[in-house]
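Quick note: residue numbers are just sequence positions, from 1. From a predicted model like this one, the values you see are computed outputs, not experimental measurements.
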Amino acid sequence: MPRTDPAGALRAQAPPRSPRAGDHTTTSAPADADQPETARIQLGDLLHAFSDPLRRRIVHRLATEGEVGCGDIELPVSRATGSYHFRILRTAGWTHTRRSGRERYISLRRADLEARFPGLLEALLRADAAERGVVTKPGEAPDPAAQRQAGAQRATRPRSTSRYGAAGIRTSVRGSAS
């Protein structure tokens with residue numbers, strides 16, 4: 001069915017892409033229309049989406065495990081908040097969402113990201129792993145067990161009490177109780 005642009009001119013829809021062997025990101029149509037085509041993926045959108053620690057965690061999981069069901073990814077947030085983060089990754093171009101019945105499966109758009117920005121995915125995964133203290137070799141995805149261990153070590157560190165005192169009472173900038 002032809003679409004009209006804001007000026008009223010008719011334009012034809014893009015023909016469906018043909019699947020490539022071994023590339024499951026093109027074997028089904030996107031579950032949502034807000035998933036950008038490869039040529040429309042913007043670097044700023046990718047970096048903004050990757051800036052959130054929870055979304056980095058999702059990208060790492062997809063990098064190590066491949067396609068997973070949205071419900072199979074345990075997140076420390078509500079279901080609505082998890083959906084929001086999946087949408088941010090999808091609209092930025094990080095993920096492909098595939099619908100199968102009532103289930104949604106997501107996977108990294110590795111081939112598309114590599115075609116658009118060669119080396120970006122691996123560089124960001126390595127940089128994030130190094131920041132978290134997980135050592136990896138170039139071209140190798142971080143080890144999930146090492147990631148969990150590094151996360152556990154961070155969780156045992158004492159938290160800063162810059163705005164809250166030891167009793168959990170908020171203090172003003174000058175240090176007096178508010």
Q: Taking the side chain as every heavy atom from C-beta outward, state whether V68 and Y105 have any atom pair closer than 4.5 Å.
A: no
Q: Please check if the side chain of Q35 supplies one atom and the backbone of G93 the other of a donor-acceptor pair under 3.5 Å.
A: no
Q | Partners passing salt bridge (charged side-chain N to carboxylate O under 4.0 Å, His left out) against R57 (at least two apart in sequence or in another chain) | A | none
Q. What pairs meet the salt bridge (charged side-chain N to carboxylate O under 4.0 Å, His left out) rule with one or both residues in residues 42-52, with sequence neighbours excluded?
A. none
Q.
My understanding is that only residues two or more places apart in sequence, or in another chain, count here; which of them pass side chain to side chain donor-acceptor pair (under 3.5 Å) with S100?
A. none
Q.
Can you tell me which residue among L75, T95, I58, I106 is in a side chain to side chain contact (heavy atoms under 4.5 Å, CB included) with C70?
A. I106
Q.
According to side chain to side chain donor-acceptor pair (under 3.5 Å), who are the partners of R116, at least two apart in sequence or on a separate chain?
A. none
Q: Output the distance between atom OG1 (T97) and atom CD (E67), rounded to the nearest 0.5 Å.
A: 9.5 Å
Q.
Just to verify, what does R55 make a side chain to side chain donor-acceptor pair (under 3.5 Å) with, not counting sequence neighbours?
A. H85
**Q.** Side chains of L47 and L124 in contact at under 4.5 Å (non-hydrogen atoms)
**A.** yes
Q: Measure the spacing between NE2 of H96 and CG of L89 and express it to the nearest 0.5 Å.
A: 14.5 Å
Q.
Does any part of the side chain of R104, heavy atoms only, come nearer than 4.5 Å to the side chain of R98, both counted from C-beta?
A. no
Q: May I have all residue pairs that pass ring-ring contact (aromatic ring centres under 6.0 Å, His included) and include part of residues 35-58, sequence neighbours excluded?
A: F50-W94
Q | Set of residues satisfying side-chain contact (heavy atoms from CB on, under 4.5 Å) with respect to R40, sequence neighbours excluded | A | P36, E37
**Q.** ring-ring contact (aromatic ring centres under 6.0 Å, His included) against F86, all qualifying residues, sequence neighbours excluded
**A.** none
Q) With a 4.5 Å limit on heavy-atom distance, are the side chains of R109 and I41 in contact? A) yes
Q. Is there a side-chain contact between L113 and L120 (heavy atoms, below 4.5 Å)?
A. no
(Q) If we ignore hydrogens and angles and just use 3.5 Å, is the side chain of Q42 paired with the main-chain N or O of A92 as donor and acceptor? (A) no
Q: Tell me who clusters with Y84, hydrophobic residues only, linked when side chains sit under 4.5 Å apart either directly or through other members.
A: I88
Q) Can you list the residues that meet the side chain to side chain donor-acceptor pair (under 3.5 Å) rule with S83, with sequence neighbours excluded? A) none
**Q.** Qualifying salt bridge (charged side-chain N to carboxylate O under 4.0 Å, His left out) pairs with a residue from residues 84-96, counting only residues at least two apart or across chains
**A.** D32-R90, D34-R90
